[in-house]
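Pasting a structure here, questions to come.
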Amino acid sequence: MDIVFINQLRLNTIIGIHDWEREQEQAVILDIEIGCSIASAAKSDDIKDCIDYFSVCETIKKLAKQHNYQLVESFVEEVARIILEDFHAQQVQIKLSKPDAVSAAQGVGVIIKRQQKSIQYE
């Protein structure tokens, strides 16, 4: 399986359970690995035959602006669902970090891995 990756996608969104997190946007950083086959795209040299990482980024940015999640778990699950369903990926691994959530840590967050037809915890 091939991987299309997006590293350090930085978004500002309302996310968190604390009052201060609900009052102002904060940064989240996503590292995404999208499992797919690039064979058709390599052969055709046509964007229609691959996962368009620009479109993936724009879709995630739009999601972050339109929704105010309380939990990073909810946000990252929705990102995974979109990548699997809308972009027809075979699998996806996403690391989401909140760099400003805990002052003593460089970042906190979650890492998930999901597969097509089975969005179950592994």
Closest non-hydrogen atom pair, A80 against I112: CB-CD1, 3.9 Å
Minimum side-chain heavy-atom gap L30-K95 below 4.5 Å: no
Any donor-acceptor N/O pair, D49 side chain to S44 backbone, under 3.5 Å: no
Beyond-backbone contact of I94 with I111, side-chain heavy atoms, under 4.5 angstrom: no
Using distance only, find each side-chain donor-acceptor pair of residues 11-26 under 3.5 Å and give its atom names and separation, not counting sequence neighbours.
{"from": "T13", "atom 1": "OG1", "to": "A64", "atom 2": "O", "distance (Å)": "2.6"}
{"from": "E21", "atom 1": "OE1", "to": "I17", "atom 2": "N", "distance (Å)": "3.0"}
{"from": "E21", "atom 1": "OE1", "to": "H18", "atom 2": "N", "distance (Å)": "3.0"}
{"from": "E21", "atom 1": "OE2", "to": "Q26", "atom 2": "NE2", "distance (Å)": "3.3"}
{"from": "E21", "atom 1": "OE2", "to": "K98", "atom 2": "NZ", "distance (Å)": "2.7"}
{"from": "R22", "atom 1": "NH1", "to": "G16", "atom 2": "O", "distance (Å)": "3.0"}
{"from": "R22", "atom 1": "NH1", "to": "Y69", "atom 2": "O", "distance (Å)": "2.9"}
{"from": "R22", "atom 1": "NH2", "to": "N68", "atom 2": "O", "distance (Å)": "3.2"}
{"from": "E25", "atom 1": "OE1", "to": "K65", "atom 2": "NZ", "distance (Å)": "3.4"}
{"from": "E25", "atom 1": "OE2", "to": "K65", "atom 2": "NZ", "distance (Å)": "3.1"}
{"from": "Q26", "atom 1": "NE2", "to": "I15", "atom 2": "O", "distance (Å)": "2.6"}

I6 CD1 to C57 SG distance, which is reported to the nearest 0.5 Å: 4.0 Å
D46 atom CG, over 12 foreign heavy atoms within 6.0 Å: yes
Heavy-atom closest contact (P99 atom, A27 atom, distance): CD-O, 3.4 Å
Heavy-atom side-chain contact between V28 and S97 under 4.5 Å: no
Over all atoms of both residues, closest heavy-atom pair of D2 and S37: OD2-CA, 3.4 Å
From NE2 (H88) to CD1 (I34), nearest 0.5 Å: 12.5 Å
Nearest non-hydrogen partners of I3 and G35, listed with the distance: CD1-CA, 4.1 Å
Qualifying residue for side-chain contact (heavy atoms from CB on, under 4.5 Å) with Q91, from Q116, M1, E33: M1
Sub-4.5 Å side-chain heavy-atom contact between I29 and L96: no
Pairwise side-chain contact, I32 with I60, heavy-atom cut-off 4.5 Å (strictly under): yes
Nearest-0.5 Å distance, CG of residue D45 to OG of residue S40: 12.5 Å
Neighbour count >12 (heavy atoms, 6.0 Å) for atom CD, Q106: no
R114 with E77: basic N within carboxylate O range, under 4.0 Å: yes
Non-hydrogen side-chain atoms of F87 and I82 separated by less than 4.5 Å: yes
